[in-house]
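Every chain is numbered from 1, with letters handed out A, B, ... down the list of sequences.
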Amino acid sequence: MAAMRAALAAPRGLVRFFCTNSATSSPLSFVPPPAAAAATSARQMAEPNTNLFVSGLSKRTTTERLREEFAKFGEVVHARVVTDRVSGYSKGFGFVKYATIDEAAKGIEGMDGKFLDGWVIFAEYARPRPPPSGPVNNAPPYYGGQ
DNA sequence: CGTGAGCGC
């Protein structure tokens, strides 16, 4: 039952499963309108990055689990399940950073749309994160420890 | 509501 629920929780790009595309192709030739040419889905595509954004995680899926699962597709430099600061529970998504982009791609293709802890997870390239450029910037903004 | 969209301190 998690699959159908996951279909609703699909952030973007769940159409690929339903990409049966029974588009009635013009028997003569395909004449793509200039306006509707790139109007297909020029959505915000995250550029290839070593950082992966994993969503659809279960509430009890922890960082260990995330890393263990994604480590099978490459060397996970860092993995983290985002948890709330006050509640302390998982927000339902996390981040996985691979050593190289190649491994990141494998991790996405290997874990995107797969099950984890009973829930369908979605992996994609994470967005570039704005560094905490504050007035006092001496502390390492990135992951210092393991 | 740990019943579910989204991006991390």
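- Contact between A/P48 and A/I101 at its shortest, heavy atoms only, is CB-CG2, 3.7 Å.
- Taking atom CG on A/D84 and atom C1' on B/dA5, their separation rounds to 15 Å, with Å as the unit.
- Across the interface with DNA chain B, nearest-nucleotide mapping of A/Y125 and A/L57 shows A/L57 to be the residue nearer the 5′ end.
- Across all their heavy atoms, A/W119 and A/G56 have their closest contact at CB-O, 3.5 Å.
- Using a 4.0 Å heavy-atom criterion, one finds that A/R60 contacts no nucleic acid atom at all.
- Rounded to whole Å, atom C1' of B/dG4 lies 15 Å from atom CZ of A/F115.
- Here the shortest heavy-atom pairing between A/S90 and A/K59 reads OG-O, 3.3 Å.
- What separates CZ of A/F93 from P of B/dC9 is a distance of 8 Å, to the nearest Å.
- Nucleotide B/dC1 holds its P atom 17 Å from the NZ atom of A/K91, rounded to whole Å.
- Distance from the side chain of A/E124 is smallest to B/dC7 among B/dG6, B/dG8, B/dC7.
- For the residue pair A/E109 and A/K114, the shortest heavy atom distance occurs at O-NZ, 4.3 Å.
- Hydrophobic cluster of A/V54: the remaining members, joined at side-chain heavy-atom separations below 4.5 Å, are A/L52, A/L57, A/L66, A/F70, A/F73, A/V76, A/V81, A/V96, A/Y98, A/I108, A/M111, A/L116, A/I121, A/Y125, listed by chain and number.
- In this structure, the CZ atom of A/F95 is 6 Å from the P atom of B/dG8, given to the nearest Å.
- Taking side-chain N and O atoms only, A/R127 has a distance below 4.0 Å to OP1 or OP2 of B/dC7.
- A/K59 has a side-chain polar atom (N or O) that falls below the 4.0 Å cut-off from OP1 or OP2 of B/dT3.
- Counting to the nearest Å, the C1' atom of B/dT3 and the OH atom of A/Y89 are 16 Å from each other.
- Mapping A/G56 and A/S90 onto DNA chain B by nearest heavy atom places A/S90 at the nucleotide closer to the 5' end.
- The interatomic distance linking A/I108 (CD1) with B/dC7 (C1') rounds to 14 Å, in whole Å.
- At whole-Å resolution of the value, CZ in A/R85 and C1' in B/dG8 are 10 Å apart.
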